[in-house]
Amino acid sequence: MAWTTETTHRDGQQGGLPLTTADGLAIYDLMGKFTGDSGAIRQAEFFVYRPADRAMLEGALERWRGGHPVEPTTWIRATRRDAELVAELGVRETGMLASASDYHTFYKFTPGGRAQAARTYLDAVRAVLDAGLRPRLHLEDATRAPREFILPFVAAVQEVSAPYGEAQAPKFRVCDTMGVGLPLEGVAWPRSVPGMLRELVAAGVPGEQLEFHPHNDTHLVVANCLAAVIAGCAAINGTLLGRGERTGNAPLEGVLLHLIGLNLLLGQPDYRALNELADLYERLGQGVPAKYPLYGRDAHRTRAGIHADGLNKFWPMYAPFDVPQLLGRPLELSLTKDSGLAGLIFLIKQHAGVELDKAHPGLRALQAELTAEFDAGRQTAVEWEELADRVRSLL
C-alpha cells in the first residue's frame, strides 16, 4: 500500500502561494475533507519561522487533536538551533533539510564539503531525537547526488537513531529537486528514481520510512512518483493541484488517481472537495490553468465534432473515467467551426435535457446560422449562454 504527504504550507508558499493564517487553515480543512477516512494524505508540513506560519501550525494541531485525519509536521534547516526551536511545538515529527548533492555540500559547506555537511546534519538529528521527535531527513537534490554520500549518511542516521526506539525511527525523503530523475530501471545512479529507491530499501530502509518528493521541471513528475512506489517507496510528497517551486510539485490528486487504479490505496478520497480548493486558489489570484488536468476550466471540454459525436453515442468513448461522478464536474462542449451538428446536439441535450435528431429542421437551421458566422470570420467559440434563447425558441 502507498499514501501521500502534503507540503502546500511549505513548498506551496515557497513557490509563491500567498497564504494568510486563515487561508492556510482553510486549505488544511479542505485536505481533511478530501482525505476523509481514506488515508490518502497522512501528513502536512508547516514552516515555523514566521508568526503567521506558527499560527497556521497551532490551528492545524488543534484540529488534528480534534480528529482531523492529516497529522501536522514541521520543516527546519538541519541545525541544532532549529531543532531546539521545534522541540516544544507539539509535533511528533519534523522534516530536516539535508542537502545531498555536491552542488550543495561543496558550496554550502566550505571548506569541509561532504564530511562537514554530514557532521552538521547528524548533530541536528541528535538534537531532534533528544527532543523526543522523529527526524525526517530531506535528501535535497538526491537525483544529482553521489551514492558515496547518500548511502553512508543514511546508515549513519539509522545508527544514531537506533537507541531511541521505533517511535523515533528516522524517515528519508528522496528529493528530485530539479526534476532530472527518470522513471526507468537500468539508468545509472543517481538519475534512476526506481534504482535509487531500490538501493535504499536493499540497504535496510523500510519502504514505509521512505518518501519521494519530485518537481516537474522536465514533465516527469507523476511518472517518477509511480516508479518510486513500484520500487518500494510507500509515501509520495507533493501538493494538491501541484503548487510549488518553479513548475510545481507532484500533483497529489493525479498521483492518487493512479494509485487507486493500481489498487495501492486503501480508501477513496473525495475528489469533489478539490473543486473548492480550485475556487480558493482562484480567489488568491493563483487559479489553475484552463487546461490543467482534472480541475482546469477546460479539462473536460471538447470542441471537435468527432468527439462530440462519440459523447452522444457512448460518452465513455471520450472520457477517461466517470468525470461527473468522481470529480463533480460536467463533461462540457464549446461550439466552434469544427463542432458540427453533433456538438450542437450534445450542448442542447446537456443544458436543455432534450436530444434532437440530426434531421430536425430547426436544429439544421440553427447550425446553418452558426456556420455562416464562422465562415464570416468568427474566431471565438459559441457557449450555451449565447445560444440559450435561440434554442428555447427552437424547442
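Remember, it's a predicted structure, so these values are computed and weren't measured experimentally.
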Side chain to side chain contact (heavy atoms under 4.5 Å, CB included) for Leu326 and Leu257? Distances and angles first, verdict last. CA-CA 10 Å; Leu326 183 67; Leu257 189 72; 3.6 Å; yes
Lys358: side chain to side chain contact (heavy atoms under 4.5 Å, CB included) partners, not counting sequence neighbours: Asp309, Leu341, Ile345
Results of side chain to side chain contact (heavy atoms under 4.5 Å, CB included) for Glu199 - residues two or more places apart only: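 Side chain to side chain contact (heavy atoms under 4.5 Å, CB included) list for Glu199, sorted by chain: Arg147, Leu151, Trp189.
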Distance, nearest 0.5 Å, that separates [atom1] of [X] from [atom2] of [Y]:
| X | Y | atom1 | atom2 | result |
| --- | --- | --- | --- | --- |
| Ile348 | Leu387 | CD1 | CG | 7.5 Å |
| Leu85 | Ile76 | CG | CD1 | 7.5 Å |
| Arg243 | Tyr281 | CZ | OH | 6.0 Å |
| Thr110 | Gln116 | OG1 | CD | 7.5 Å |
| His68 | Met31 | NE2 | CE | 7.5 Å |
| Asp176 | Leu220 | CG | CG | 8.5 Å |

Side-chain touch [X]/[Y], heavy atoms, less than 4.5 angstrom:
| X | Y | value |
| --- | --- | --- |
| Leu333 | His351 | no |
| Leu129 | Pro135 | yes |
| Asp82 | Met96 | no |
| Glu45 | Thr5 | no |
| Thr239 | Leu17 | no |
| Thr247 | Val221 | no |
| Arg77 | Tyr49 | yes |
| Val180 | Asp217 | no |

Which pair of non-hydrogen atoms, one from [X] and one from [Y], has the smallest distance, and what is that distance?
| X | Y | result |
| --- | --- | --- |
| Ala145 | Ile150 | CB-CD1, 3.7 Å |
| Thr105 | Ser99 | CG2-O, 3.6 Å |
| Pro72 | Leu57 | CB-CD1, 3.9 Å |
| Phe34 | Ile41 | CD2-CD1, 3.9 Å |
| Leu294 | Tyr271 | CD1-CE2, 4.5 Å |
| Ala124 | Ala83 | O-CB, 3.9 Å |

Main-chain N/O of [Y] paired with [X] side-chain donor or acceptor, under 3.5 Å:
| X | Y | value |
| --- | --- | --- |
| Thr4 | Ala40 | yes |
| Arg80 | Arg126 | no |
| Gln168 | Leu133 | yes |
| Ser393 | Arg390 | no |
| Arg246 | Asn249 | no |
| Ser38 | Thr35 | yes |

Quick check: are there more than 12 heavy atoms from other residues, nucleotides or ligands sitting under 6.0 Å from CZ of Arg198? yes
Mark yes when over 12 heavy atoms from residues, nucleotides or ligands other than Glu369 sit less than 6.0 Å from its CD; otherwise mark no. yes
Distance flag, aromatic centroids of Tyr121 and Phe109, threshold under 6.0 Å: yes
Is there a chain of hydrophobic side chains (I, L, V, M, F, W, Y, each step under 4.5 Å between heavy atoms) that links [X] to [Y]?
| X | Y | answer |
| --- | --- | --- |
| Val229 | Ile260 | yes |
| Leu311 | Leu344 | yes |
| Trp75 | Leu25 | no |
| Val193 | Val205 | yes |
| Leu210 | Leu262 | yes |

List for me each residue that meets side chain to side chain donor-acceptor pair (under 3.5 Å) alongside [X], sequence neighbours excluded, and say none if there are none.
| X | value |
| --- | --- |
| His360 | none |
| Tyr295 | none |
| Glu84 | none |

Among residues two or more places apart or on two chains, list those pairs meeting ring-ring contact (aromatic ring centres under 6.0 Å, His included) that have a residue in residues 321-349.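 Sorted result for residues 321-349: empty, none.
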Can you list every pair that meets ring-ring contact (aromatic ring centres under 6.0 Å, His included) and has a residue in residues 211-243, with sequence neighbours left out? His213-His215
Can you list every side-chain hydrogen bond (donor to acceptor under 3.5 Å, both in side chains) pair that touches residues 314-323, not counting sequence neighbours? none
Which word best sums up how the rings of Phe46 and Tyr28 line up, parallel for under 30°, tilted for 30 to 60°, or perpendicular for over 60°?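 Taking Tyr28 first and then Phe46, their aromatic rings stand perpendicular (interplane angle over 60°).
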Decide side chain to side chain contact (heavy atoms under 4.5 Å, CB included) for Gln367 and Leu363; before the verdict, give the C-alpha distance in whole Å, the side-chain angles of both, and the deciding distance to 0.1 Å. CA-CA 6 Å; Gln367 175 62 19; Leu363 179 72; 5.7 Å; no
I need the full list of salt bridge (Lys or Arg N to Asp or Glu O under 4.0 Å) pairs touching [range], with sequence neighbours left out, sorted by first then second residue.
| range | value |
| --- | --- |
| residues 259-278 | Lys33-Glu276 |
| residues 58-68 | Asp29-Arg63 |
| residues 91-111 | Glu71-Arg92, Glu93-Arg134, Glu93-Arg136, Glu93-Lys171, Asp102-Arg114, Lys108-Glu140 |

Partner residues of His258 under the ring-ring contact (aromatic ring centres under 6.0 Å, His included) criterion, sequence neighbours left out: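 In terms of ring-ring contact (aromatic ring centres under 6.0 Å, His included), with neighbours along the sequence ignored, His258 is linked to no residue.
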Apply side chain to side chain contact (heavy atoms under 4.5 Å, CB included) to the pair Trp64 and Gln43, showing each step before the final yes or no. CA-CA 10 Å; Trp64 178 61; Gln43 293 178 316; over 6 Å; no
Against Asp53, only a single residue in Gln13, Arg10, His9 fulfils side chain to side chain donor-acceptor pair (under 3.5 Å); can you say which? Gln13
Looking only at side-chain N and O atoms, does Glu383 offer a donor or acceptor that is under 3.5 Å from a partner on Ser334?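 Present: a donor and an acceptor within the cut-off.
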Thr7 side chain to Asn237 side chain, donor-acceptor N/O pair below 3.5 angstrom: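 Per modelled atom types, Thr7 and Asn237 side chains form no pair under 3.5 Å.
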